[in-house]
Student: 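Provided herewith is a single structure, encoded as structure tokens, for subsequent inquiry.
Below, chain A is the first sequence line, B the second, and so on; all start at residue 1. What you are looking at is a predicted structure, and each value in this text was computed from that prediction instead of being measured.
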Amino acid sequence: MAATLDQLFVQLLHGMTAPLPEAIRPWVALAISLGAILAVFGLCFGITTVCERKAIARMQNRLGPNRVGPYGFLQFAADGIKTLTKEDIVPRTADQVVHFLAPLALLVPVVLTFLVLPFGRNMTAMDLEVGLLFFFAAGASTELAVFMAGWSSRNKYSLLGAMRAIAQMLSYELPFILSTIGVVMITGALSTTKIVEAQAAAPGEWLARWHVFTPWGLAAFLLFLIAAFAESNRSPFDLPEGESEIVAGYFIEYSGFKFALFFMAEYLGMFSSSGMAVTLFLGGWTAPFAFLDWVPSWMWFFGKLGVLIALFIWVRGTTPRLRMDQLMDFAWKFMLPLALIILPTAAIWHYAGRGWLGWLVTAPIVVGAYVLLGRSLVGRRRIRQRSYRYAAT
Amino acid sequence: MSPIFYFLAMLTLGGAVAAMSLRNPVHCALSLVVTFVGLAGVYLGLGAHFLGLSQVLVYVGAVAILLVFVLLLTRGSGKDEFDERPDRWWPALGVGGGLGGVLIAVVLAQPGLALRTAPPELPTVRALGESLMTDFVLPLQVVGVLLTAALIGAAVLALSDRRRTPQDSGPVTSREEGETRR
Amino acid sequence: MPSHGGATAKVPTEAGAPRGPDAYRLTAGDNEYDDGSLLEISMGPQHPSTHGVFRMDVVLDGETVVKLKPVFGYLHRNHEKIAESASYLAAMPYTDRLDYFCSLTNNWAYALAVEKLAGLQVPERAEFLRVITAELTRLQNHVCLAGFLMQDMGASGTPLMYGFREREKILDLFEALTGARMMCNYMRFGGCRCDTPPGWLEEVRKVVDRFPRFLDEFENLLSSNEILMARTQGIGVLTRDLAINAGITGPVLRSCGVDYDLRKVDGYGLYPKFQFRVPLGDHGDTYDRYMMRILEMRESLGILRQALDAIPEGPILDPKSKLRGFRPKPGEAYGRIEAPKGELGFYLISDGSPNPYRYRIRPPSLINLTVLEDLCLGHNVADTVTILGSIDIVLGEVDR
Amino acid sequence: MLGIGLIKGLAETGRNFVGSYLDPDRLVTVEYPEERLPVKENFRQFPFLVFDGEKADIGLRCVACQICEKECPPQCIYIEKSKDKKPDHLGKPQFYPAVFDIDISVCMSCQICVEVCPFDAIKMDQQFELSTADRFRGLLLTRDRLAKPNSHFQAIHPRDAAEIDMRRVDERAKAEAKAKADAEAKAKQATAAAPGATKAVASTPKPAAAPANEGAIS
């Protein structure tokens, strides 16, 4: 029963493609998977926007949307109808073609990144040997779309936003990729499926071998997550759309459905980055404890995804935004060195083993590097809490 | 020679032609990106997954951005169009054609290369990595040193022209004493 | 990046070159900066962060501000002239609309000026009520300011909502006392308009007792936040001399270490009777300006507690004061108080007629705004927004 | 260490997230059309004219003295005096407003008209749902729309209304007593001097001008 449930979607796909001729079967399967991904994550996008608004509202002691549908959960449908029926305004001076293509150029690569995510056991739409590379390659293509949007609008704010976005994405691409290299080193594979399988609990062990349970893995996970915040332009790294400074950044001149596409691409990017974080560090679809193996694998994946997205929302409800130069400093002076330090640490862990020796050797390196780098980052700017004096009365 | 190949070839060539013929430099750069993507598609179609994806990652993700940045930062605003038509296209054609001829000649002169036959086996990433780390370790290191030197040089060039901002130098406190405003 | 002819920002390259804001100021006469190297953007009047209809003409070199021209007047309502053509009493509701966050302190400043002019005495209970309402006003103003400041830094509105939540409780008190939440129109020449409704002082005490908990939460959320500190420390430094020369008052002045609080200096109202301290900053940057407000709120709570303990029964209006046919004898008077934003002064000349001959306001927002360019030069465009937020302006008062 | 402040902040928002479900002091939102807060007694919105008795055109307290029109800071009141006179509650003939308009798109709810009114005729209403599709006539309150019975005033400002009612009853009683005394005196005079040739003019005393600043609120 559990196995059936686990392989439910795999069987379904198999059943749908089985009658087809051999030659086109993989392509049809890919198309169906893509359709399913779009449907599932499109719905996720809708629900997440509502949940985010409600959660942030609760953090701010408000009620949040509660008018459309039960508890306001159909708000996203209302929003969707609104954006679809809105007039699509293109500035007269805008570069019409590029302006039109930008949202598409942003959305397509983002959707492609989902193809290599293993949503469950045997549930990878495109099980490439170089899946991780595919993910990053597709993700890197979004930068250009952001530039296209900002440049073609012929708006000073959008140009500033585009410049910020590109600078930010390029800078965070490095720690984003580097933080995953440790996983590749330990696993010895670029295939996302293999990376997940390597994190399952070994026979006889009760705890899974998630990479986040190791000192280097925890640090790399946090780095990856921070870089994912930056890559998906989420607070506190939402400078490209910093609404208090440059109003909406690169998509300031977009309205209606095109704006919705940008919005959707942002959320899908968040999902795919979170999914990759789950895959690389949180064991993908594997259960944390061996005795929980009976829960269907895709449930684990989506559960972990939900936790990470909740984290994204939580952070957004809390932090102010960084400034551009601080963002750059943080990427190049903190995250990049730390990511580079994590690489040899992962190698040491590989040879020292999973036991106490590994912990004893690697944990101090990671913690020490974190403290020193953090102190140098903050200390150079003399940032600290201050004490204040009072006038003598 | 599947339809996909023809599509990719058309994409690649069309992008290249557009990159050469369009008037707006940013459009040219974006067309070049199409070429890069098409080329990556060709690599993927040949089974060179690693190469194809690296092509996207490096060329689309970095080189194209660099091109666009250079275009935007070095040209004044409002000069989006090329000012004059390239009238000396004869020498350009000569140089380009010569280079193309040399490349084609080199490719055709490769021993044992027969078109229309797939390579016997697809090299895995592991094999690629191992050969890079064993057989080609010296070239790899040389290239690495070269690139590092270029990077440092660029950083030095950029640093010499950098202006100090208050954010870099900590709190600005040294406004002249007793100065009145304006 | 070298700029091509035309205007340049004076770029300090060698040692000894001017540092500080002046290093970035565009040289005079160089208005042809549109050569592609500088970017002029117009922030406002319809911009999410300009606190009303305020516009900043910002010239950027990259993202560094090299010129900033504040443009205001979009909200000009001819307040002073209207007040000169109407009776003394009729100007009172208009003062509510100056700094619409702090209508009660505006009322007080105007009432103070008229009382000086007409020689009216304020009964003690009315003085206590004035202190209580003024300090409550200070609380809600500072709370909102801190929230808006964080909003300008992109904090998704969370601190702003917390600030508004607390402000709401104070506004409820105002509503119960004066009948309106923002446009209170409460004070009269020689006292206050009405006495407290039954149980109002207990309600105030409840709010005052709960407020410190909120302040602690606020500080937990923000004051030690690394991003906030990085965004505000060393940003928009206002020096002592510039502040004094430019006539800056209020928390902005105290943040650069100048001990000048009209509640201590003038000792108007009943402030000499209360124990409170004046917090001072040492750096004069945005963080200090923010912290001044937080610390002042704690002092205000102390004043409120003392006032609530000591408030006597009694009349609330000077029997000599009258509403209709109020004609002060000829003369002039300047009444000023420490409004939440700084020194708010009303200058009045009476020629014995029912309306003032001259009516002039010294608005703290406008005067504090004059240093905006000095604070912003050389900083990032994102910092102009936070610096503007930390100066704490209300356009109703700037434009009048 | 870097990050501590952020984690503190996260804990704070997390606590507020949970607290918004548990602590009514945190979740202060009122879902307005369904839920309504009790209106505070002192709350003021736009002015209305008080009338006594049942009929607005008979019992209107306003005597069209036009003080409020003069004192109104934004000058949003327009009054036209009547040609004829009607007796007020004390029986004294008074003018009444033939036209009394308040443009509430101009009115700033400052309550000064209420404070300066010597007749307790104009008071502040608490009706705030006044949105209208007609921005000209819909926002111009005429005399008929402004006139509201004393019972309405008693309902929204009970403390105030009770005091004013008491004072008015006193005044009336005094006035009646005086009228009676006058009538008796007159009757005595008449019987003493020339019976039958008297003009029965009941010279009622002027209504004691209520201290304006007190009548409204305290």
Side-chain angles (χ1 to χ4, degrees), chain A residues 52-53 55-62 155-161 163-164 167 234-239 241-248 252 313-330 374 377-378 380-393, chain C residues 39-43 47-49 60 62-63 149-162 164-165 221-231 233-235 254 257 259-261 264 275-283 287-288 291-292 295 299 380-386 389:
Chain A
E52 173 167 27
R53 286 172 66 180
I56 287 186
R58 284 292 175 169
M59 282 175 207
Q60 298 171 350
N61 296 329
R62 293 183 288 118
N155 181 312
K156 287 170 182 173
Y157 287 122
S158 72
L159 195 62
L160 277 177
M163 287 301 194
R164 284 179 172 196
R234 295 279 301 186
S235 173
F237 303 106
D238 54 348
L239 288 102
E241 58 210 67
E243 74 277 347
S244 62
E245 305 134 26
I246 50 172
V247 192
I252 187 171
I313 293 172
W314 191 3
V315 169
R316 182 173 166 204
T318 306
T319 56
R321 184 183 303 130
L322 277 168
R323 204 177 52 211
M324 200 62 215
D325 55 322
Q326 295 162 346
L327 185 92
M328 289 294 160
D329 272 12
F330 189 64
L377 187 75
V378 172
R380 215 175 57 82
R381 292 173 179 278
R382 294 176 226 154
I383 289 165
R384 58 173 190 279
Q385 268 189 291
R386 294 174 182 167
S387 59
Y388 287 88
R389 64 200 165 92
Y390 290 89
T393 40
Chain C
L39 183 70
E40 183 183 8
I41 62 172
S42 171
M43 293 175 82
H47 188 277
S49 60
L60 301 178
E63 280 208 31
L149 188 55
M150 298 310 130
Q151 177 82 345
D152 289 342
M153 288 181 207
S156 298
T158 309
L160 183 64
M161 286 299 156
Y162 293 167
F164 268 33
R165 183 189 70 203
L221 177 63
L222 293 171
S223 296
S224 61
N225 187 312
E226 283 87 358
I227 296 179
L228 170 82
M229 288 198 278
R231 281 296 300 276
Q233 293 194 350
I235 299 302
R254 291 193 286 276
D259 173 20
Y260 184 76
D261 187 328
K264 295 278 187 197
Q275 288 288 318
F276 65 97
R277 299 174 297 172
V278 179
L280 296 178
D282 290 322
H283 302 81
Y287 187 75
D288 273 5
M291 281 307 288
M292 281 309 106
L295 295 171
E299 298 303 315
N380 199 296
V381 62
D383 288 331
T384 62
V385 174
T386 56

Student: Please state whether the side chain, the backbone, both or neither of A/Phe330 comes within less than 4.5 Å of a heavy atom of chain C.
Tutor: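 Contact with chain C involves no heavy atom of A/Phe330 at all.
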Student: Could you tell me which portion of C/Phe164 (side chain, backbone, both or neither) has an atom closer than 4.5 angstrom to a non-hydrogen atom of chain A?
Tutor: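 Nothing of C/Phe164, per the 4.5 Å heavy-atom cut-off to chain A.
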Student: In terms of heavy-atom proximity below 4.5 Å to chain A, should C/Gln275 be classed as side chain, backbone, both, or neither?
Tutor: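 Contact with chain A: none, neither part.
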Student: Contact part of C/Leu280 toward chain A, heavy-atom cut-off under 4.5 Å: side chain, backbone, both or neither?
Tutor: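 Its backbone and side chain both get close to chain A.
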Student: For residues C/Gly281 and A/Arg389, report the shortest heavy-atom separation together with the two atoms involved.
Tutor: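 So the two residues come closest at O-NH2, 3.8 Å.
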Student: Please find the pair of heavy atoms, one from A/Gln60 and one from C/Tyr162, that lie closest to each other, and give the distance.
Tutor: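 In this case the closest contact between A/Gln60 and C/Tyr162 is CA-CE2, 3.8 Å.
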Student: With a 4.5 angstrom heavy-atom cut-off, is it the side chain or the backbone of C/Thr386 that approaches chain A, or both, or neither?
Tutor: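 Interface part for C/Thr386: neither.
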Student: Is A/Thr318 close to C/Leu221 at the side-chain level, that is, under 4.5 Å between some pair of heavy atoms?
Tutor: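 Answer yes - side chains close enough.
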Student: Rounded to the nearest 0.5 Å, how far does CD of C/Glu226 lie from CG of A/Leu322?
Tutor: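 The CD atom of C/Glu226 is 10.5 Å from CG of A/Leu322, to the nearest 0.5 Å.
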Student: Checking C/Asp261 against chain A: side chain, backbone, both or neither under 4.5 Å from a heavy atom?
Tutor: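 The answer is neither part of C/Asp261.
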Student: Count the heavy-atom pairs under 4.5 Å between each of C/Arg165, C/Met292, C/Met150 and chain A, then report the option with the highest count.
Tutor: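 Most heavy-atom pairs under 4.5 Å with chain A: C/Arg165.
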Student: Find the one option among C/Leu228, C/Thr384, C/Asp282 whose heavy-atom pairs under 4.5 Å with chain A are most numerous.
Tutor: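 The option with the most such pairs is C/Asp282.
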Student: For the CG atom of C/Asp383 and the CE atom of A/Met324, what is their distance to the nearest 0.5 Å?
Tutor: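 CE of A/Met324 is found 13.0 Å from CG of C/Asp383.
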Student: Is any side-chain heavy atom of A/Arg323 closer than 4.5 Å to one of C/Ile235?
Tutor: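 Result yes, sub-4.5 Å side-chain heavy-atom pair found.
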Student: Taking side chain as everything from C-beta outward and backbone as N, CA, C, O, which of these in A/Arg62 sits under 4.5 Å from a heavy atom of chain C? Side chain, backbone, both or neither.
Tutor: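 Side chain only.
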Student: Can you list everything that forms a side-chain hydrogen bond (donor to acceptor under 3.5 Å, both in side chains) with C/Arg254? Sequence neighbours excluded, please.
Tutor: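 Once residues adjacent in sequence are excluded, the partners of C/Arg254 under the side-chain hydrogen bond (donor to acceptor under 3.5 Å, both in side chains) criterion are C/Glu296, C/Glu338.
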Student: Measure C/Arg231 against the heavy atoms of chain A and call it side chain, backbone, both or neither at under 4.5 Å.
Tutor: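 Contact with chain A involves both backbone and side-chain atoms of C/Arg231.
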Student: Please give me the minimum heavy-atom distance between C/Ile227 and A/Arg321, naming the atom from each residue.
Tutor: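 Minimum heavy-atom contact is CG2-O, 3.5 Å.
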